[in-house]
Structure formats: structure tokens, C-alpha cells
Undergrad: 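Provided herewith is a single structure, encoded as C-alpha cells, for subsequent inquiry.
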Amino acid sequence: MNKIYLYAVVSLFGVGALSSCGPKGGAVSEKTGYAYNKRENGGFEVKKGYKRGPGPGLIEIEGGEFIMGGSAVEIPGQDMSAYNYKRQVTVSSFYMDETEVSNTDWLEYLHWIRTTFRGKPELAEYYYTALPDTLVWRRPLSYNEPYVNNYLRHPAYGDYPVVGVSWQQATDYCVWRTDRVNEFILRQKGIMTPFKDLNKPTAKGGAPVKKSDTVFNTDVYLNGQIKDLGKRAPQDLSAEAGGTGKNKVQRNVRLEDGEILQPYRLPTEAEWEYAALGLIGNTQYANINEKKVYPWNGLGITSPKKSTRGMILANFKRGKGDYMGVGGSLNDKGSITQSVRSFTPNDFGLYNMAGNVNEWVNDVYRPNTFEATEGLNPFRGNEYADKVRDPKSSVIKVDGKGRPVMKSAGTGVKQTWAQLQSNYTDSTYKADQRGYKDEQKNLPDGEVITLYNDKSRVYKGGSWNDQAMWLNPASRRFLQEDESTADIGFRSAMTMLGASEVRSAGKPQFKTKASKPFKVK
């Protein structure tokens, strides 16, 4: 009997599963004998009892090995050379959105831009750039104007997946989401001034606490450039002018405190395919009992269960001109997209990993990607970059959105101090790895023959406008990163730190011997 793991969604407030700020005393260095978290010993702080957990909207995906492209089926008109090289790879554990990003989610994003940058000259361009292209619904011989005018903003489509967003827009949304979630966590815990106390007079009638004009950015905050210390900000045990009680010196949270979440991002192609297959539901004692062609078991596209027998399992086009079936007996019940929580989730608990909308992934497209990439966490698309800093003060330069200004990485190894001060750049180092080991045919005049380039991004999953053959998790197509369509949306992912095993309870474990504290004789 297959063992299926059901993953509960951790709510926004569930992020508090991360242990509270400020390391506790009692731990001792195994190598020096000094006690951690003691001012008299220098104030070196070590986080103990860290408990990880997914950010808002995410579900835990326990990684493992699988055959990438192994579920591929023959697709008429598709270049199957991209699937001929089936590759055994391993995907590290990660988090993934339970659902696709919806119109309501995107409107929240637009609302934040409009209210945060109100009265500032950069608002108009920032807001306009973030707007989805609603004109993707237009077809020369189809009446789709109601979707052009209503799909994004009307509440009738609030929980439908956002479309008309390019790969660039989706990536920018992930950056914005990272900062908003981390700011929420810090303010909700009182590490920064809580939202409810901003712009509000103090209890003693003093001046109100005003929100900083600096837009919160995770990297800028971690670099100490945002000064907003709430009542529960951690004590700085290494401060020269230390103190206790009301006189204690507080500090910003550091990465070592474990309070800051990893960045939201688009999933890699390997992560997306692994999560869509959901082989965890078909695995018993490291053996995969049944191969999958879709995110569900079996070779069919209809439910075999008695109560739902014959019902379509995803939102797709059944045949030419058949988008939802016959009136009175609709098959997938939607002529275009449907709610992001339609149908049954797969064994990881993810909705619509086949159909509804195709989904952007992070990879640059190449037909031979599987041959060239690594066996662990395969990915094509690395563009290594550094933050622009003042070489003496290490202050990060920020742009009009409050985000770090980035530049291409100057070297692939740690610079010496002298090189750092002189902004040294290794002219032989290639920071852009999107075209790594890429073979292209060149004409005698040097012109390149290719249908794709470093801006061609992969999308997967099939959509309401595709037939069933595209619902296979191994299927892959591409589009330029600055283009969009009415059948491509996205969902976010996040790297999981620490142990790969998500659920250890009930499984065999080796016992770890506790260390003995050093004692001076």
C-alpha cells in the first residue's frame, strides 16, 4: 500500500514556528571551553534550538533522486531530442507554493507599490512595469474583450491564476515577496516596531513612532542600514557599552539568529518536475511502485474513484474547439482558467501541477540541458552578481526601490583585501553561465543560427489552452523572458536549509552522542 504524505499549509502566523529571537545561554564551545552567549566571554552568540518552517503559502517538498525526463511521452510535432537524454539527478529538499500566484496576490503587489511610492517620481514607471499585459487575451477572430477588461481586477476572477506576466515580472514579484514576508515576521515579533505602533503616539504622549522612509529590504537590513529596533530586538552582548534591563544595547537580527527566511524565487526546472510528479506517494522502502505520466497515478486523464469516476483531473483542452465539454455535463468546468485550488492536489499537496496555466521556471532553455548540467540540483541560468558596496564602510548602494544595486561578479574566488579595496576584476572570469558549454552553429560571416538565446526561459505544466499531451511533467517549452501569454502563470519556491529529511518521526535514526564540556583541572 502506497504511503502518501499529506502536507499542511503553514499560515502566515505559522512562521512563528521559528524559535524566538536571541540565543539562550548554557552552550559551551567544544574547541575552546568558552561559554557562548556570555558578555564576559566576549559575547559570541550561538543559536540553539532552531526550528525551521516554510514561509507563507509554501509546502515542504522532501527531495530525492529521480529520472529527469523519465515520464516523457511522445508528443506530435515536438522535438523529442530534448527528452532522449534521460538523466538520473538528485533534488535537495525545498519549499514550493501550494497554489499558483493568483490575481488577488498580484493586486496586493500593485497596491503596495502604489501606496508605498505615492508622491514619488519613480512610482509611475515602477507601477506600470509591474502591470500584467491584459492584452494577451486578444485574438483576431475571438471575442475576448471581457477578459481584457475584467480578468485581472474583477472579484469573479480573484482566486484565478494571474496571467500576462513575463518571466522578468514573476522574478521581480518573488524579490518583493521576500522583503514583505521578512518585514512582517520582524514586526510581528516585535524585533522591529510593530505595524500597529507605527505613526501612533506613545503611551506617555510622546512623539509618534514614524515608519522609516527607507523601504525595507532584507539584504540592506542585514547589513545594518535600516535602524528600527523594537522592544524584542535581541541584545547585543558584544557591545562595548553593554548593560542590562532598560540600559541594554540592542541590535538588528543577524542571519545567524535564524529569523530571516530564504528568498522566494522561481523553482528550477528540476525542482518543478520533481514536485509535479509527486513520486513520494508511489514510493515504499526506496522502491517506486508505479511510474507516473501525470501528477496523478495511471495513464488516464479521468478519475477512477467511484464517487468521482469519469471526472477530468485537470483543466485543459480536450480537443480542438472543446475547452470545457457539453453544457449540463461540463468536463473540466472551465472555458479558460479556474481557481488556483481546483481539482485534487498531488501527493505533495500541490494544486494544478498539470493544467490551468503553464508555469515559469528559473532555467534558461537549451535542448541539451540534461546532458550538460550537474547531477545534484541541475540548473542552467546562473548569473553571478555582487552587491555594489563602499569598499571602506561596506555600505550597500540602493536603487529607487530600496534594493541593492548589483554588478556582475568580478571573480570566482575570494579577493584579497588589497583587491577588494581596488575593485579588482578578473577579466578572464565569466559571471554569466547561461550559455555554459552551449553549442551553436555559426555562418561564415559570424552570424549565429539559433531559435533560442540566453533570454529564452522554460515553462512547464500544460494549460487550459493545451491538450493532454502537454500535461506530462517532463514536457518543456520556452518563451522569451520579457514576453507573456494568457496561459502562462507561475508559483514561487524557497530553498530549505539544514537536514534533507522532512519527517524523521517513526524512521530509524542513528543516536548521536552528546559532547562533554571542557573542565579546567
Side-chain angles (χ1 to χ4, degrees), residues 55 108-131 166-188 191-195 198-199 209-230 233-234 236 250-257 259-266 382-411 415 419-425 431-432 481 492 494-495:
E108 179 187 12
Y109 174 38
L110 295 176
H111 173 79
W112 180 90
I113 295 173
R114 187 171 59 249
T115 55
T116 302
F117 290 87
R118 183 184 290 124
K120 297 182 179 180
E122 58 266 39
L123 168 63
E125 182 179 0
Y126 189 4
Y127 187 84
Y128 183 80
T129 302
L131 283 173
S166 66
W167 181 93
Q168 291 175 332
Q169 288 177 305
T171 299
D172 204 47
Y173 172 87
C174 292
V175 174
W176 168 84
R177 183 178 175 186
T178 299
D179 292 335
R180 301 290 70 73
V181 170
N182 278 327
E183 182 182 12
F184 176 85
I185 292 171
L186 296 177
R187 293 194 185 279
Q188 192 72 7
I191 298 169
M192 294 177 67
T193 305
F195 285 114
L198 292 174
N199 302 317
V209 179
K210 293 184 178 180
K211 187 175 181 180
S212 171
D213 290 333
T214 304
V215 178
F216 180 88
N217 173 266
T218 303
D219 291 320
V220 175
Y221 171 84
L222 289 174
N223 201 49
Q225 292 174 229
I226 297 177
K227 300 295 184 183
D228 185 340
L229 298 174
D236 188 353
Q250 293 178 299
R251 60 169 175 82
N252 282 5
V253 159
R254 303 172 182 139
L255 190 62
E256 295 92 324
D257 293 315
E259 301 290 349
I260 296 292
L261 294 183
Q262 289 295 292
Y264 285 85
R265 56 175 173 79
L266 291 178
N382 284 311
E383 297 176 81
Y384 302 117
D386 297 329
K387 302 177 187 70
V388 177
R389 297 175 183 264
D390 183 285
K392 294 183 178 179
S393 66
S394 291
V395 171
I396 297 174
K397 183 179 180 181
V398 298
D399 61 16
K401 300 176 184 177
R403 299 175 182 175
V405 176
M406 306 299 290
K407 63 179 180 179
S408 294
T411 176
Q415 297 176 336
Q419 290 173 338
L420 185 64
Q421 302 309 303
S422 63
N423 290 319
Y424 166 82
T425 298
D432 189 342
E481 63 183 32
S492 302
M494 179 186 288
T495 300

Undergrad: Listed by chain and number, what are the side-chain contact (heavy atoms from CB on, under 4.5 Å) partners of Thr171, not counting sequence neighbours?
TA: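 Per chain and number, Thr171 pairs via side-chain contact (heavy atoms from CB on, under 4.5 Å) with Trp167, Leu266.
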Undergrad: Who passes ring-ring contact (aromatic ring centres under 6.0 Å, His included) against Tyr173, sequence neighbours left out?
TA: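 Applying ring-ring contact (aromatic ring centres under 6.0 Å, His included) to Tyr173 gives Trp106, Tyr109, Trp176, Phe490.
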Undergrad: Less than 4.5 Å apart, any side-chain heavy atom of Tyr126 and any of Leu123?
TA: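 A side-chain contact is absent here, since even the closest heavy-atom pair is not under 4.5 Å.
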Undergrad: Going by salt bridge (Lys or Arg N to Asp or Glu O under 4.0 Å), name the residues that satisfy it together with Arg265, two or more places apart in sequence or in a different chain.
TA: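 Partners of Arg265 by the salt bridge (Lys or Arg N to Asp or Glu O under 4.0 Å) criterion, ordered by chain and then number, come out as Glu271.
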Undergrad: Among Val253, Asn252, Ile226, whose side chain to side chain contact (heavy atoms under 4.5 Å, CB included) with Leu186 holds?
TA: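 Of the listed residues Val253, Asn252, Ile226, the side chain to side chain contact (heavy atoms under 4.5 Å, CB included) partner of Leu186 is Val253.
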Undergrad: Once salt bridge (Lys or Arg N to Asp or Glu O under 4.0 Å) is applied, do any residues pair with Glu383, and if so which ones, sequence neighbours excluded?
TA: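 Salt bridge (Lys or Arg N to Asp or Glu O under 4.0 Å) check on Glu383 returns Arg434, Arg457.
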Undergrad: Looking only at heavy atoms, what is the nearest atom pair of Tyr127 and Leu110, with distance?
TA: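 Looking at all heavy atoms of both residues, the closest pair is CE1-O, 3.5 Å.
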Undergrad: Going by heavy atoms in the side chains, are Arg403 and Asp172 under 4.5 Å from each other?
TA: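 With C-beta onward as the side chain, the pair touches.
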Undergrad: Nearest 0.5 angstrom please: His111 NE2 to Ile113 CD1, how far?
TA: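 Nearest 0.5 Å value for the NE2-CD1 distance: 11.0 Å.
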Undergrad: Output all residues satisfying side-chain contact (heavy atoms from CB on, under 4.5 Å) with Gln225, sequence neighbours left out; order by chain, then residue number.
TA: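 Gln225: side-chain contact (heavy atoms from CB on, under 4.5 Å) contacts with Val220, Asn223, Val395, Ile396.
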Undergrad: Would you say that Lys387 contacts Met406 through its side chain, given a criterion of any heavy-atom pair below 4.5 Å between the two side chains?
TA: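 Contact flag for Lys387/Met406 side chains = yes.
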Undergrad: Got a donor-acceptor contact below 3.5 angstrom from the Arg180 side chain to the Phe216 backbone?
TA: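 Yes, because the side chain of Arg180 sits within donor-acceptor range (under 3.5 Å) of the backbone of Phe216.
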Undergrad: Donor-acceptor check, side chain of Ser422 to backbone of Gln419, threshold 3.5 angstrom: yes or no?
TA: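 The answer is yes, because a donor-acceptor pair under 3.5 Å joins these two groups.
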Undergrad: Do the side chains of Thr129 and Gln168 get nearer than 4.5 Å, heavy atoms only?
TA: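 No; the side chains remain at least 4.5 Å from each other.
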Undergrad: Any salt bridge linking Lys401 with Asp179? Criterion: basic side-chain nitrogen under 4.0 Å from a carboxylate oxygen.
TA: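 Salt bridge absent between Lys401 and Asp179.
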Undergrad: Please name the pair of heavy atoms, one in Pro404 and one in Asn217, separated by the smallest distance, quoted to 0.1 Å.
TA: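 That would be CD-OD1, 3.4 Å.
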Undergrad: Does Asn423 reach the side chain of Lys407, with side-chain heavy atoms less than 4.5 Å apart?
TA: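 A side-chain contact under 4.5 Å exists here.
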Undergrad: Please report the shortest heavy-atom distance between Met192 and Tyr221, naming the atom on each side.
TA: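 Met192 and Tyr221 have their closest heavy atoms at SD-CE1, 4.0 Å.
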Undergrad: What are the two closest non-hydrogen atoms of Met494 and Gln262, and how far apart are they?
TA: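 Result for this residue pair: CE-O, 3.1 Å.
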Undergrad: Do Arg251 and Pro234 have side chains that get closer than 4.5 Å, going by heavy atoms?
TA: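 Touching, per the 4.5 Å side-chain cut-off.
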Undergrad: If every non-hydrogen atom of Thr193 is compared with every non-hydrogen atom of Leu229, which pair is closest and at what distance?
TA: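 Closest approach of Thr193 to Leu229, heavy atoms only: OG1-O, 4.5 Å.
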Undergrad: For Glu125, I'd like to know if atom CD has over 12 heavy atoms of other residues, nucleotides or ligands within 6.0 Å.
TA: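 For Glu125, atom CD is not crowded (no more than 12 foreign heavy atoms under 6.0 Å).
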Undergrad: If I compare all heavy atoms of Ala409 with all of Ala431, which pair ends up nearest, and what's the gap?
TA: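 What the structure gives for the nearest pair is O-CB, 3.7 Å.
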Undergrad: Can you tell me how far OH of Tyr424 sits from CD of Gln415, rounded to the nearest 0.5 angstrom?
TA: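 Going from CD on Gln415 over to OH on Tyr424, the span is 8.0 Å.
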Undergrad: Return the set of residues passing salt bridge (Lys or Arg N to Asp or Glu O under 4.0 Å) with Arg254 (not counting sequence neighbours), or none when no residue passes.
TA: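 Arg254 satisfies salt bridge (Lys or Arg N to Asp or Glu O under 4.0 Å) with Glu45, Asp236 once adjacent residues are dropped.
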